[in-house]
Number of protein chains: 2
Amino acid sequence: MNESVFKAMSDGTRRKIIELLKEGPKTAGEIVNHFSHAQPTISRHLNVLKNANLVVDQREGTYIIYRLNTTILQEWLAWLLEHFGGDNDEKE
Amino acid sequence: MNESVFKAMSDGTRRKIIELLKEGPKTAGEIVNHFSHAQPTISRHLNVLKNANLVVDQREGTYIIYRLNTTILQEWLAWLLEHFGGDNDEKE
DNA sequence: TTATTTATTAGCCATATAGCTATATAATGA
DNA sequence: TCATTATATAGCTATATGGCTAATAAATAA
């Protein structure tokens, strides 16, 4: 599993963005409106998520639409469960 | 879910330590031996994990034994599944 | 072409992180 | 008490992060 996914998911604002995008695709502006941060700040968070391949973007006229890459998110969760979940076979 | 857990889990060395401790408790020295980092470097990673309450330590003579706090780890995984797992109800 | 809207990029700052070496502490044994 | 072993802490450096404002780009409409 790519390190960039862990880094991307370690920030609260970005996790919130992921949760928003779980509802469905949104424009950059719509995402910005959910936060009290400056617009470029959110833009950069979106870029971090894009570099981790957790979201994809697509221009639609003047808008840029972001949508979740559910595949990566689910693969990440599966990786976590495989490595940290399950039996917890403690000795002593 | 505490932000410190996400930060703690976002580092590869610390995830490796967690995986080691899944096998069972280990002394700080045993943990150090699994890495090519300097001893104080690992000591500090252990401290980050301790602050996130992902591990607990216990002195045993000259040794300090670290063990996984499985509760926090499992709660973290449950939180992730609750927020990011499941249906992925995409619209359009 | 010019203005407007949407969004990114550049550039700055303050703080956090992860590595290191050197030093300190804690327990034990001679 | 002194030496040894195990581990933590202090203090440093370089890089990364996350916030901001100002400037740039891209699309559209007048």
Side-chain angles (χ1 to χ4, degrees), chain A residues 1-21 23-69 76 92, chain B residues 1-21 23-69 76 92:
Chain A
M1 178 53 50
N2 198 312
E3 181 76 4
S4 65
V5 177
F6 285 95
K7 300 294 186 188
M9 295 301 283
S10 74
D11 179 86
T13 299
R14 288 194 289 265
R15 289 196 301 276
K16 212 105 190 249
I17 292 174
I18 295 282
E19 291 196 63
L20 278 175
L21 292 180
E23 299 169 4
K26 297 202 169 17
T27 68
E30 286 175 318
I31 296 168
V32 167
N33 289 335
H34 282 85
F35 297 91
S36 47
H37 289 134
Q39 179 265 323
T41 298
I42 299 300
S43 179
R44 215 165 46 154
H45 280 303
L46 287 169
N47 197 252
V48 171
L49 291 170
K50 208 165 78 178
N51 288 336
N53 202 24
L54 279 161
V55 304
V56 294
D57 63 344
Q58 166 203 1
R59 185 173 274 280
E60 196 85 52
T62 33
Y63 298 90
I64 293 179
I65 298 173
Y66 281 87
R67 67 187 73 226
L68 200 55
N69 185 350
W76 182 62
E92 78 213 67
Chain B
M1 178 52 51
N2 198 311
E3 180 77 4
S4 65
V5 177
F6 285 93
K7 299 294 186 190
M9 295 301 283
S10 74
D11 179 87
T13 299
R14 288 193 291 264
R15 288 196 300 276
K16 212 101 189 252
I17 292 173
I18 295 282
E19 292 195 64
L20 278 175
L21 292 180
E23 298 169 4
K26 297 203 168 18
T27 68
E30 286 174 320
I31 296 167
V32 167
N33 289 335
H34 281 85
F35 297 92
S36 46
H37 289 135
Q39 177 266 320
T41 297
I42 299 300
S43 179
R44 216 166 46 155
H45 280 304
L46 287 168
N47 197 252
V48 171
L49 291 170
K50 209 167 78 177
N51 287 336
N53 202 23
L54 278 161
V55 304
V56 293
D57 63 344
Q58 167 202 0
R59 185 172 276 278
E60 197 85 52
T62 33
Y63 298 92
I64 293 180
I65 297 172
Y66 282 85
R67 66 188 72 223
L68 199 55
N69 184 351
W76 182 62
E92 75 212 66

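Proteins get letters first, then strands, A, B, ... in listed order; numbering begins at 1 in each. Since this is a predicted model, take the numbers as computed values, not measurements. These numbers come from the heavy atoms of this one structure, side chains and all, not from hydrogens, waters or symmetry mates.
Proximity of A:Tyr66 to the phosphate of C:dT6: no side-chain N or O atom is located under 4.0 Å from OP1 or OP2. Contact check, B:His45 against C:dG19: a side-chain N or O comes under 4.0 Å of OP1 or OP2. Between A:Thr62 and the phosphate of C:dT4, there is no side-chain N or O to OP1/OP2 separation shorter than 4.0 Å. At least one side-chain nitrogen or oxygen of B:Thr41 sits closer than 4.0 Å to the OP1 or OP2 atom of C:dC20. Between B:Ser43 and D:dA8 there is a side-chain polar atom (N or O) within less than 4.0 angstrom of OP1 or OP2.
Rounded to an integer number of Å, the gap from CD1 of B:Ile42 to P of D:dT7 is 12 Å. Atom CZ in B:Arg59 sits about 11 Å away from atom C1' in C:dT28, given to the nearest Å. Residue B:Leu49 contributes atom CG, which lies 10 Å from atom P of C:dA18 at whole-angstrom precision. Rounded to an integer number of Å, the gap from CD1 of B:Ile64 to C1' of D:dA8 is 7 Å. Following rounding to the nearest Å, B:Lys7 (NZ) and C:dT17 (P) show an atom-to-atom distance of 7 Å. The distance between atom CD of A:Gln58 and atom P of D:dA26, rounded to the nearest whole Å, is 18 Å. Atoms CG (B:Asp11) and P (D:dA16) sit 14 Å apart, rounded to a whole Å. Rounded to a whole Å, the CG atom of A:Asn47 is 12 Å from the P atom of D:dT17.
A distance of 9.5 Å separates CD1 in A:Ile64 from OG1 in A:Thr27, rounded to the nearest 0.5 Å. Rounding to the nearest 0.5 angstrom, the gap separating the CD1 atom in A:Ile65 from the CG atom in A:Leu21 is 11.5 Å. Here the CD atom belonging to B:Gln39 is positioned 10.5 Å from the CG atom belonging to B:Asn33, to the nearest 0.5 angstrom.
Counting atom types as modelled, B:Arg44 pairs a side-chain N or O with a base atom of C:dA18 as donor and acceptor under 3.5 Å. Side-chain to base pairing of B:Gln39 with D:dA8: one donor and one acceptor N or O lie within less than 3.5 Å of each other.
Contact annotation for A:Phe35: no contact, since no heavy-atom pair falls under 4.0 Å across all strands. B:Ala38 comes within contact range of at least one nucleobase, with a heavy-atom separation under 4.0 Å.
Between A:Lys7 and A:Val48 there is no side-chain heavy-atom pair separated by less than 4.5 Å.
Along DNA chain D, the nucleotide nearest to A:Glu60 and the one nearest to A:Pro40 differ in position, and the one closer to the 5' end is contacted by A:Pro40.
Here the side chain of A:His37 is nearest to one of C:dG19, D:dG19, C:dT6, namely D:dG19.
The aromatic rings of A:His45 and A:His37 are tilted relative to each other, their planes meeting at an angle between 30° and 60°.
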